[in-house]
There are 2 protein chains.
Amino acid sequence: MEEKEISQTVVGRLPRYFRYLGELKDEGIERVSSQELSDIMQVTASQIRQDLNNFGGFGQQGYGYNVGFLYDEIGKILGLHREHNLIIVGAGHLGQALVNYTNFERRGFLFRGIFDRDPQVCGKKIRGITVRPMNEMEAFVRENDIDIAVLTIPKTSAVEVAEQLAYCGIKGIWNFAHVDLRVPEQIQVENVHLSDSLMKLSYNLSSREYEE
Amino acid sequence: MEEKEISQTVVGRLPRYFRYLGELKDEGIERVSSQELSDIMQVTASQIRQDLNNFGGFGQQGYGYNVGFLYDEIGKILGLHREHNLIIVGAGHLGQALVNYTNFERRGFLFRGIFDRDPQVCGKKIRGITVRPMNEMEAFVRENDIDIAVLTIPKTSAVEVAEQLAYCGIKGIWNFAHVDLRVPEQIQVENVHLSDSLMKLSYNLSSREYEE
DNA sequence: AAGCCGCTGTCAATTCATTGACATAATTTT
DNA sequence: AAAATTATGTCAATGAATTGACAGCGGCTT
């Protein structure tokens, strides 16, 4: 089904297209040209056409793109046309924050379970979901068709947990722990390294000072 | 002081070097070659040398790099040798999670204030910091030498708040709202679009299915 | 102390990403 | 219905990032 390998650079831009198209759709706009999108999104029209053509010809010459159609197509490309079952590992502040963020569910990312190593926390309910002890995790993943595990645990335990998850057949890991996981290559890892992001901001603040 | 403009691609890799050097340092290792780092970090030795040389010659031929020295230098480049004063705008789950994450403070990012538009939440204390109403924000930023504002508010209000912050002289915005901010170019914006990250993971899960 | 070896800094080559240009096809106007 | 306009898909050109290669310096060995 997939012809050529799409670069992660391109993939990284798809969610942004998706977001802007969603906004246009909500405004009731039915049609958009790459030039119009270019003006709104501040990227070149050429890049937009190039990116979209990696996945097929969604537009029509002389007309442009149909907003609703393109929105749906990008949604499918991103795998949003079907549901994903998630677990959270680590019921700390960040884990709880993610569970409480309802927008993920709206896109079909459903939190099915929460796990924590602290017995004090186990049994507690977060948005209706009971926190379970770690030793129940592997069975839960297998029995509930879990795709994605969200790691919101300290880096010291992340490596070990990732191994367990790999062992019980997880497909993807959304990793908030500040460590690079080594897992079999059929498992996808998406890192969110918050402190890296903050350091990048810090760098850009400092570097600006000397430019004027 | 700054000679040539450093690409964001390179800047984005610095925190990772910093992290690995910190680990080597903690292990008591004093010296490392680009080849050794290459093996550990899974990037080419050439890239490491190329990246570091953007900022100066930190190594010595025939010896390699002194871990402690290089760690400190990269820290300085990233602006971690001095403190940053932060405010959180939006005292929801995510805002609270960030305040409670102590590692930022350890790196000199100090949370000085929290703001929220909800009067019910104002007055509450989070890790010793009182939540203040939005109308006090501008004065607070000016009077407390605030560098960075962390936006953990819904996208609907983010644009407006960013304008206010620009007006009262903020230097950087760490933006968790799912919207692209338009601010004067002297203000640095670092986006953390969590749902974009999750969609990227979702894409990579789907695309893998057809490869085997 | 002299020579060998290791490893950086840097230049050149290659690969990857972005931008520009245009033939062509569909739409809209007259 | 024909002409004029619009805007895609794609190819070519440019630009950026990564990798490879090596001269030369400094530490290490004997």
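Every chain is numbered from 1 and lettered A, B, ... according to where its sequence line falls, protein lines coming before strand lines. Hydrogens, waters and symmetry mates are skipped; everything else that's a heavy atom, side chains included, is used.
Listed pair B:Tyr65 / C:dG9 meets the phosphate criterion, a side-chain N or O lying under 4.0 Å from OP1 or OP2. A:Arg31 has a side-chain polar atom (N or O) that falls below the 4.0 Å cut-off from OP1 or OP2 of C:dT28. Distances shorter than 4.0 Å separate some side-chain N or O of B:Arg13 from OP1 or OP2 on D:dT18. In this model, the phosphate group of D:dT8 is approached by a side-chain N or O of A:Ser34 to a distance below 4.0 Å at OP1 or OP2.
Rounded to an integer number of Å, the gap from B:Gln42 CD to D:dT19 C1' is 16 Å. Atoms CD1 (A:Ile48) and P (C:dA17) sit 18 Å apart, rounded to a whole Å. One can place CG of B:Asn54 at 11 Å from P of D:dT18, the figure rounded to the nearest angstrom. One atom, CG of B:Asn53, and another, C1' of D:dA23, lie 15 Å apart when rounded to the nearest Å. Rounded to a whole Å, the CZ atom of A:Phe55 is 17 Å from the C1' atom of D:dT10. Atom CD in A:Gln47 sits about 17 Å away from atom C1' in D:dC11, given to the nearest Å. If you take CZ of A:Arg49 and P of D:dG9, they are 8 Å apart, rounded to a whole angstrom. Whole-Å rounding puts the A:Gln60 CD to C:dT24 P distance at 19 Å.
Comment: A:Asp180 engages B:Arg19 in a salt bridge, judged by a side-chain N to carboxylate O separation of less than 4.0 angstrom.
Position along DNA chain C of the nearest nucleotide to B:Gly56 versus A:Ser7 favours B:Gly56 as the more 5'-ward residue. Comparing A:Tyr63 and B:Val32 against DNA chain C, the residue whose closest nucleotide sits nearer the 5' end is B:Val32.
Closest to the side chain of A:Ser33, out of D:dA7, D:dT10, C:dA17, is D:dA7. For A:Gln50, counting side-chain heavy atoms from C-beta on, the closest listed nucleotide (C:dA17, C:dT8, C:dG20) is C:dG20. The side chain of A:Thr44 lies closest to C:dT19, out of C:dT19, C:dC22, D:dA17. You'll find that the side chain of A:Ser46 is closest to C:dA21, out of D:dA12, C:dA21, D:dG27.
A parallel orientation is assigned to the rings of A:Tyr71 and A:Phe18, their planes being inclined by less than 30° (bins at 30° and 60°).
Side-chain N/O atoms of A:Gln61 and base N/O atoms of C:dT27 include no donor-acceptor pair closer than 3.5 Å.
A donor atom on one side chain and an acceptor atom on the other are not found under 3.5 Å apart for B:Asp147 and B:Asn85.
Aromatic ring centres of A:Phe104 and A:Trp174 lie closer together than 6.0 Å.
A:Phe140 does not carry A:Arg112 over the face of its six-membered ring by the limits of under 6.0 Å from the centre and within 45° of the normal.
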